[in-house]
**Q** 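Below is one structure. I have some questions about it.
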Number of protein chains: 2
Amino acid sequence: MGVKIKDVARAAGVSVTSVSRVLNKSEHISEKLEKKVLRAIEDLNYSPSLIAKSLKRNKTYLIGVIIPDITSNFQAMILSRIEEIAGRRGYNLLVSNIVEDTEKVVKYLNIYQEMRVDGIVLMHEKLNRDIGLFLDKTQIPLVVHADLGMNLSTVIIDDFKAGYDATSYLISQGHRRIAMIAGDKRDLCAGLKRLEGYTVACMDHGIEVNEALIRYGDYKLSSGYRLMSELLRESRGEFTAVFAASDDMAAGAVNCIHDHQLHVPGDLSVIGFDGSQIADIVRPKLTTIKQPVDRISECTVDLLLEIIEANEQSSSTHTMRTIVLEHELVEQGSCRAYEPRRVPSKD
Amino acid sequence: MGVKIKDVARAAGVSVTSVSRVLNKSEHISEKLEKKVLRAIEDLNYSPSLIAKSLKRNKTYLIGVIIPDITSNFQAMILSRIEEIAGRRGYNLLVSNIVEDTEKVVKYLNIYQEMRVDGIVLMHEKLNRDIGLFLDKTQIPLVVHADLGMNLSTVIIDDFKAGYDATSYLISQGHRRIAMIAGDKRDLCAGLKRLEGYTVACMDHGIEVNEALIRYGDYKLSSGYRLMSELLRESRGEFTAVFAASDDMAAGAVNCIHDHQLHVPGDLSVIGFDGSQIADIVRPKLTTIKQPVDRISECTVDLLLEIIEANEQSSSTHTMRTIVLEHELVEQGSCRAYEPRRVPSKD
DNA sequence: CTGAAAGCGCTTACAG
DNA sequence: CTGAAAGCGCTTACAG
């Protein structure tokens, strides 16, 4: 653990400059010299220090990723793809899994800055003063997976429209009394926008929004279960369909409904959001708004690296870009047309 | 993005030494000087370079984590906990999500070495020549979540015994013809050991192992589904229970059974492995071998940091340690006692 | 309590 | 094609 470039140079009988050149294939080097160097590297089991290299080159090949919850299948899928694509392009991921809240986000943003990461991917979508300040002044290339209302590069879907579409779909199936298991309103996209889509879709179809039918969760399965049991306890019979802001919550809702001896979609229709693997695990499989995970991941990495590389050329041009990807409504088994006079039957 | 310690020193009218001392709170410093320095740091929005610091201190506070598949809920839970615990102790995670195989593992191990990470957590449990060589000679503190049969520090459960227990449980419920949806035999613990546990448990109870009832998957839900449909196609009626080497595969098996109009546990009992959230999502909930996720994560970080710190004191003592944690059989709804003469009924 | 200077392990003009 | 030397941004004996 102590062999450095100088040792290799000595062993090979050449200068450190030459060793460095062999390592980086940066200039033409005689075959003889190269062979000697490679030999010495092998003999000494030399591993060049990326730390020293980073310091000198002012480039770390590190990307910091801030993700709210890796145990969410949807987020894990995105992270996994980002890792793969970035890795193929020579970048490594520094990952922070912020289970808790906004304070930790600022803490990690600062650490990333001190680590001199080449870029940051931010999947967190709550904003507070400190985060806003940081994002506002940092020079680090950054892609955000949410529309924070700031002048930042983003890769997103249209969460408002997606929420609108999910709700309209239920309405088109004849449902008029629709509950919503929403996310956190402070989440600017997954929380607020999807809820707004729901609200506006209701209004556009002449349906009065009933606040009692809107519940706020944390996207996890357990909160979907809990909120659904609240709904069944407090508002049973007042709704025929549910729109959940995540597949995990939708799955929790489905399980809760089953545990109450009711059927999906016979008694209640449920539509989810994300298109994660959970949607296919639960029975019936969830009808859901599918986010284009692969496209999101690719666009995120592509855009980030584009900004990074542009920055390396001319350090001042910060091109902001917003990429909006299409979502897709996937019909599976958890919704069905509302039948006003249907006699409860065992099928 | 260009202000360095020298600039702070100049702005504060002190030496860089003093700035460094304020930053690191390393020695006593007059209040007056400290105030000037903090002021300058604030004014210039100075962010110290961890890269430079790492080079000098020969310490990066980086832990490299190699994980086969983040989209596995079980692995995500462990990663999430490790991140949390390590973060609390000042370490950051460099994460590689090796979807593919052993080549990539070696590649990332080498990158970690070049990054001079302070330690490595290896969740991968396949071994090839290059990985063996690396593990054999590296000086980097390392904790492996598998028994690779090498002299390495490990945090594991007893996978043989766990496989034995799962199988014995089914046998104790009266099952004699038990299929196994196993992992990859090249996975030394999750693959091989659990399978051996199954085999030996059968033999110990005078049950002949029927190779046709053993299928090999990749731990994912989809392979559980696929293998179960193979079993139902090729060996229907020849088994009354199934042991799957992961909850994901067990969940896939349960869904497959349902899709064949059969019931769990009425027609077939299913036992899973891991105790991940998937076990609670599927209906019926899975009876499963629960791994102590929190304990595994804590012990892994504790052990790794212990080795790291011991190394920093006296660079030679590499204490190998093996920590074996207890698994637990959690009974939920997916198994039931075999009734030889049971008349198929619709309940 | 404070500072000047050497050095961490590399890369890269510059000179030959 | 090859090498000597400066420098990346810090920390830390050493001296005062």
Side-chain angles (χ1 to χ4, degrees), chain A residues 1-38 40-41 44-62 110-111 113-118 139 312 315, chain B residues 1-38 40-41 44-62 111 113-118 139-140 312 315:
Chain A
M1 198 72 300
V3 27
K4 41 207 77 159
I5 199 168
K6 198 197 279 184
D7 303 315
V8 176
R10 191 180 305 128
V14 302
S15 72
V16 295
T17 310
S18 295
V19 177
S20 174
R21 282 181 185 134
V22 171
L23 248 25
N24 296 296
K25 303 169 182 35
S26 50
E27 283 177 54
H28 256 203
I29 283 238
S30 72
E31 271 193 38
K32 204 176 73 186
L33 190 151
E34 179 171 16
K35 219 165 274 173
K36 281 192 294 187
V37 171
L38 291 177
I41 288 175
L44 300 179
N45 195 22
Y46 170 65
S47 165
S49 164
L50 240 38
I51 297 296
K53 186 170 183 169
S54 294
L55 178 60
K56 186 65 201 169
R57 286 231 183 132
N58 201 22
K59 165 119 192 164
T60 55
Y61 288 97
L62 242 31
N110 280 310
I111 291 177
Q113 175 139 279
E114 296 187 352
M115 284 281 206
R116 302 295 189 258
V117 298
D118 291 337
Q139 301 296 317
E312 282 164 2
S315 71
Chain B
M1 198 70 300
V3 26
K4 41 207 76 158
I5 198 168
K6 199 197 279 183
D7 303 314
V8 176
R10 192 180 303 128
V14 303
S15 71
V16 296
T17 310
S18 295
V19 178
S20 173
R21 281 181 184 134
V22 171
L23 249 22
N24 296 297
K25 303 169 181 38
S26 51
E27 284 176 55
H28 255 202
I29 284 238
S30 72
E31 271 193 36
K32 205 176 72 183
L33 190 150
E34 179 170 17
K35 220 166 272 174
K36 281 194 291 184
V37 170
L38 291 176
I41 288 176
L44 299 179
N45 195 22
Y46 170 64
S47 166
S49 164
L50 242 38
I51 297 296
K53 186 170 181 168
S54 295
L55 178 61
K56 186 65 202 173
R57 286 232 183 131
N58 200 23
K59 165 117 191 165
T60 56
Y61 288 98
L62 241 32
I111 291 177
Q113 174 137 281
E114 297 187 351
M115 285 280 206
R116 302 293 190 257
V117 298
D118 290 337
Q139 302 295 318
I140 306 175
E312 283 163 3
S315 71

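Proteins get letters first, then strands, A, B, ... in listed order; numbering begins at 1 in each.
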**Q** Rounded off to whole Å, could you give me the CZ-to-C1' distance for the A:Arg10 and D:dG3 pair?
**A**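 After rounding, the reported distance stands at 16 Å.
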**Q** By nearest nucleotide on DNA chain C, pick out whichever of B:Ser18 and A:Leu23 is the more 5' one.
**A** B:Ser18
**Q** Output the single nucleotide from D:dG3, C:dT11, C:dG9 whose closest atom is nearest the side chain of A:Arg57.
**A**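 For A:Arg57, the side-chain atoms sit closest to C:dT11.
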**Q** Between D:dG3, C:dC10, D:dT11, which one does the side chain of A:Arg21 approach most closely?
**A** D:dG3
**Q** What distance, rounded to whole Å, do you find between the two C1' atoms, one in D:dT12 and one in D:dG16?
**A** 16 Å
**Q** Rounded to whole angstroms, how far apart are CG on B:Asn58 and P on C:dC10?
**A**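 After rounding, the reported distance stands at 11 Å.
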**Q** Rounded off to whole Å, could you give me the CD-to-P distance for the A:Glu114 and D:dG9 pair?
**A** 15 Å
**Q** Counting side-chain heavy atoms from CB outward, which of C:dA4, C:dC10, C:dC1 is closest to B:His28?
**A**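 Nearest listed nucleotide: C:dC1.
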**Q** Measure the distance from CD1 on A:Ile5 to P on D:dG3 and round it to the nearest whole Å.
**A**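 Atom-to-atom, A:Ile5 to D:dG3, this comes out as 12 Å.
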**Q** Taking the side chain of A:Ser30 as heavy atoms from C-beta outward, which of D:dT2, C:dT12, D:dG9 is closest to it?
**A** D:dT2
**Q** Side chain of A:Val16 only, please: which of D:dA5, D:dT2, D:dT12 is the nearest?
**A** D:dA5
**Q** Can you identify which nucleotide, out of C:dA5, C:dT2, C:dT11, has its nearest atom closest to the A:Lys56 side chain?
**A**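 Given the options C:dA5, C:dT2, C:dT11, the side chain of A:Lys56 is closest to C:dT11.
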**Q** Quick one: do A:Glu312 and A:Lys59 make a salt bridge, cutoff under 4.0 Å?
**A** yes
**Q** Evaluate B:Ser15 against B:Ser18 for side-chain hydrogen bond (donor to acceptor under 3.5 Å, both in side chains), listing each step before the verdict.
**A** CA-CA 5 Å; B:Ser15 71; B:Ser18 295; 3.3 Å; yes
**Q** When you measure from the side chain of B:Leu55, which nucleotide among C:dA4, C:dT11, D:dG9 comes out closest?
**A** D:dG9
**Q** Of the nucleotides C:dT2, D:dG3, D:dG9, which has the atom closest to the B:Lys4 side chain?
**A**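 Nearest to the side-chain atoms of B:Lys4, counting from C-beta on, is D:dG9.
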**Q** Considering only C:dC10, C:dT11, D:dC10, which nucleotide approaches the side chain of B:Tyr46 most closely?
**A** D:dC10
**Q** Can you measure A:Tyr61 atom OH to C:dT11 atom P for me and round it to whole angstrom units?
**A**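 Rounded to whole Å, this separation is 12 Å.
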**Q** Round to the nearest Å and state the distance from B:Lys59 atom NZ to D:dG9 atom P.
**A** 24 Å
**Q** Does B:Lys53 contact D:dG9 through a side-chain donor or acceptor facing the base, at a distance under 3.5 Å?
**A**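 Result: no qualifying N/O pair found.
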**Q** Rounded to the nearest Å, what distance is computed from the CG atom of residue B:Asn24 to the P atom of nucleotide D:dT12?
**A** 7 Å
